[in-house]
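Down below is the structure, laid out as structure tokens.
Hydrogens, waters and symmetry mates play no part in the numbers below; they use all other heavy atoms, side chains included.
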Amino acid sequence: MEIIQVVGLGLIATFLILIIKEQKPMFAFLLATFVGVIIFIALADKIADVIRVIESLAEQAKVNTLFLGTILKIIGIAYIAEFGAQVTRDAGQNAIASKIELAGKILIMVMAIPIITLIIETVMQILPS
């Protein structure tokens, strides 16, 4: 049922934006950003539920919590970068949106280095020398 509320809010906001965009494009952009933030906040509880389930599964599987935390941070960076890039694109700033996406990818790569290093070291131990 929550998706109906999200879609309803999105449709109402879209209609309002289409109406005010001609007269006040800045207000239209602010409304679009505000609605995007409201939708993200409304979904924050669901995201927290998913993270708790993943942490519980990782604990049962005895996965190193350091790596799980890193993976969750990487996922968070990806979502935040995507959200920021979309808001920037809505404002008509495609060049800045591309830079936000690039920054997100670089930060993800930096955060993944310890995991990649561990995987390479593990493969090197498995391979006969």
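Expressed to the nearest 0.5 Å, how far CG of Leu43 lies from CD1 of Ile38 amounts to 11.5 Å. Rounding to the nearest 0.5 angstrom, the gap separating the OG1 atom in Thr14 from the NZ atom in Lys21 is 10.5 Å. The CG atom of Leu68 sits 7.0 Å away from the CD1 atom of Ile54 when rounded to the nearest 0.5 Å. For the atom pair CD1 of Ile75 and CD1 of Ile80, the computed distance is 12.0 Å after rounding to the nearest 0.5 Å. Rounding to the nearest 0.5 Å places CG of Leu31 at 5.5 Å from CD1 of Ile20.
Clustering ILVMFWY residues whenever any of their side-chain heavy atoms sit less than 4.5 angstrom apart, transitively, puts Ile71 in a cluster other than the one holding Val63. A single hydrophobic cluster is not seen to contain both Ile77 and Phe40; linkage of ILVMFWY side chains at heavy-atom distances under 4.5 Å, directly or through other members, places them apart. Transitive grouping of hydrophobic side chains (ILVMFWY, heavy atoms separated by less than 4.5 Å) keeps Leu66 and Leu57 in distinct clusters. Using a 4.5 Å cut-off between side-chain heavy atoms of Ile, Leu, Val, Met, Phe, Trp and Tyr, with links allowed through other members, Leu102 and Ile96 fall into different hydrophobic clusters. Transitive grouping of hydrophobic side chains (ILVMFWY, heavy atoms separated by less than 4.5 Å) keeps Val53 and Val50 in distinct clusters.
Each salt bridge (charged side-chain N to carboxylate O under 4.0 Å, His left out) pair with one or both residues in residues 30-49, not counting sequence neighbours, appears once here: Glu2-Lys46, Asp49-Arg52. For the salt bridge (charged side-chain N to carboxylate O under 4.0 Å, His left out) condition, the pairs that include at least one residue of residues 77-91, sequence neighbours left out, are Arg89-Glu101.
Residues Ile17 and Phe29 fail the side-chain proximity criterion, which asks for heavy atoms closer than 4.5 Å. Between Ile47 and Tyr79 the shortest side-chain heavy-atom distance does not fall below 4.5 Å.
Closest heavy-atom contact between Gly104 and Ala81: CA-CB, 4.0 Å. Considering all non-hydrogen atoms of both residues, Ala85 and Ala97 come closest at O-CB, 3.4 Å.
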Atom pairs and distances, donor-acceptor, side-chain atoms in residues 107-128, under 3.5 Å, two or more places apart:
| unit_1 | atom_1 | unit_2 | atom_2 | d |
| --- | --- | --- | --- | --- |
| Thr117 | OG1 | Ile113 | O | 2.7 |
| Thr122 | OG1 | Leu118 | O | 2.8 |

